[in-house]
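Note that the structure is predicted; figures quoted are calculated from it, not measured. Every chain is numbered from 1, with letters handed out A, B, ... down the list of sequences.
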2 protein chains.
Amino acid sequence: MATGRNHRPATSRSRGIPEATVARLPLYLRALTALSERSVPTVSSEELAAAAGVNSAKLRKDFSYLGSYGTRGVGYDVEYLVYQISRELGLTQDWPVVIVGIGNLGAALANYGGFASRGFRVAALIDADPTLAGRTVAGIQVQHTDGLEQIIADNGVSIGVIATPAGSAQQVCDRLVAAGVTSILNFAPTVLSVPEGVDVRKVDLSIELQILAFHEQRKAGEEAPEEEETAPPAAPPAAAVTKRSEPGPDGDVPAVMPA
Amino acid sequence: MATGRNHRPATSRSRGIPEATVARLPLYLRALTALSERSVPTVSSEELAAAAGVNSAKLRKDFSYLGSYGTRGVGYDVEYLVYQISRELGLTQDWPVVIVGIGNLGAALANYGGFASRGFRVAALIDADPTLAGRTVAGIQVQHTDGLEQIIADNGVSIGVIATPAGSAQQVCDRLVAAGVTSILNFAPTVLSVPEGVDVRKVDLSIELQILAFHEQRKAGEEAPEEEETAPPAAPPAAAVTKRSEPGPDGDVPAVMPA
DNA sequence: TGCTGTGAATTATTTCACAGCA
DNA sequence: TGCTGTGAAATAATTCACAGCA
């Protein structure tokens, strides 16, 4: 998962919804939208939970934080619930978004259909490469970084997506924040530091893969009960210098794309 | 963030490491690698925590699950810790990975430098589009989906990345699993169903944005204390049919890319 | 009768705070 | 003295299990 917030203890504000619940609402919303398209009028917590990939007790508890939107003995009204969750998530309004860094990843994001469909609108694509400026990606002209502040201001953008190489991410972030952006979705493999009040969420391929590798290794270990160590390293203190097999010429997690 | 596991209660196996800790290890590893490159010999929990964006108590507690790798009064030996965490994550071995769906996103992933650098190797790129087959992306020839099973078997692949449109994701997933893949990183906006023992992690742009929107809305609400409702919907039971402003012609979260 | 809504119990995670070693 | 390692306390999230309404 992605993350890196800046919040008061999750359940703080008046009708405070737990962070874990907020993270699941989009899941429910997607499942509900699919049902809505098939004109299904109502769902039980059991059915909806299955569609969203969670268990029904959790789903009911989650919904209980929003209010009592179900009908006992029947289930939930699909359309009504779609509306309620959308509203709770702030999707009944339109969020202009800028994407900075239009490499393969940035282009993929710009082309992302789900973007436009639910409350979000790509207001601008921005890249530091002058040769990219003016080119059209996903029907939108790429603009040069120079105009970043102006673009943010003109479009009232409060959400920014960073898809630049790691090296430029913090700098881009600083400019976005200075220009008024208060929520950032970061695809660059770096920890961004932001002032209080700015939310950052992180999406990081290499972290996800490493978590998978951890579990994969466990599985292998379970098949063959006895652990077989490959190359025991030197002791911790003293001259503990055993490098990993090959640290590799590349440092770590280079940029996702040449922006 | 991403998720969707299949695990015994996190802290189960003998030296069971909490899931939350596992998810942070890659973060520490990245910070440590950066220090290692700068030839920094040791770090304190405080410094490393700052670099990784967590607080030091949490970091120390995390490390305590791995063992006592620090030195009181001094800190942690960078190289040694890099090795220990790499080993714990299973990165001292090489993980061949296949990417299925070579659109913009798949291409971005294939080009992702951090991929190759730390334990992962792109063994193959696979796409259903026959016109893509044979083309070279990131120095690797794209192969047609027909050969998927063979490719998995030949390369001993256990980790698969799905970057196809939502519509094909489950089908691709089924084939990967049948061919022996036991860990899947899913970029398609769908809930995948997999048999017991297969891990799925999800990366979903639209979910991340929706979570940001939620918090963004809260911020706006705090500035202007009084909540101003836009379009109150009909009541839940009875004829509750108020559709969201404009459900839009597109359903929800279409494919990320035309694979 | 069937399914929601929710207190209570359980489990997981974070944070505190300090003993103890280098 | 300085910083780790870790019990214990606090907080958060999940699950249970059942009362209660349609």
Find the distance Y65(B):OH to dT4(D):P and express it as a whole number of Å.
17 Å
Please state whether the phosphate of dT15(D), meaning OP1 or OP2, lies under 4.0 angstrom from any side-chain nitrogen or oxygen of K58(A).
yes
Go ahead and write out DNA chain C as dot-bracket, 5' to 3': ( ) for pairs within the strand, [ ] for ones crossing earlier pairs, | when the partner sits on another strand, dots for unpaired; Watson-Crick or G-U wobble, both distances under 3.5 Å.
||||||||||||||||||||||
Rounded distance in Å - NZ (K61(B)) to C1' (dA9(D)):
11 Å
Short side-chain N/O contact from N55(B) to OP1 or OP2 of dT15(C), under 4.0 Å:
yes
Which of F63(B), Y69(B), Y83(B) passes ring-ring contact (aromatic ring centres under 6.0 Å, His included) with Y76(B)? It is F63(B)
Whole angstrom is fine here: how far is it from CG in L59(A) over to P in dT4(C)?
9 Å
Less than 4.0 Å between a side-chain N and a carboxylate O, is that true for R218(B) and D199(A)?
no
Do you know which two heavy atoms are closest between L89(B) and P26(B), and how far apart they sit?
CD1-N, 4.0 Å
Is any side-chain N or O of R60(B) closer than 4.0 Å to OP1 or OP2 of dT14(C)?
no
Using atom CD of Q84(B) as one end and atom P of dG5(D) as the other, report the distance to the nearest whole Å.
12 Å
Reported OH-to-CG distance for the pair Y28(A) and L66(A), which is rounded to 0.5 angstrom
9.5 Å
Ignoring the backbone of E19(B), work out which of dT6(C), dT14(D), dT13(C) is nearest its side chain.
dT13(C)
Starting at CG of L66(A) and ending at C1' of dT6(C), how long is that distance when rounded to a whole Å?
14 Å
Hey, are R87(B) and T92(B) close enough side-chain-wise for a donor-acceptor pair under 3.5 Å?
no
Below 4.0 Å: OP1/OP2 of dG5(D) and any side-chain N or O of Y76(B)
yes
Rounded to the nearest angstrom, tell me the gap between atom CZ in R72(B) and atom P in dT6(D).
7 Å
Looking at W95(B) and L209(A), would you say the former's side chain and the latter's main chain have a donor-acceptor pair under 3.5 Å?
no
Nearest whole Å is fine: how far is dT4(D) P from D77(B) CG?
13 Å
Contact list for DNA chain D against residues 38-47 of chain B - heavy-atom distance below 4.0 Å
S44(B), S45(B)
Counting distance only, does the side-chain N/O of E37(B) pair as donor-acceptor with the main-chain N or O of A34(B) below 3.5 Å?
no
Assert: residue with more 5' nearest nucleotide on DNA chain D, out of F63(B) and T21(A), is F63(B)
Between atom OH in Y69(B) and atom P in dG5(D), what is the gap in whole Å?
11 Å
5' precedence on DNA chain C between G73(A) and V74(B) (nearest-nucleotide basis):
G73(A)
With distance as the sole criterion, is a donor-acceptor pair present between the side chains of Q170(A) and T190(A) under 3.5 Å?
no
Donor + acceptor pair across side chains of T21(B), D62(B) (<3.5 Å):
yes
Ion pair E19(A)/R24(A), N-O distance below 4.0 Å
no
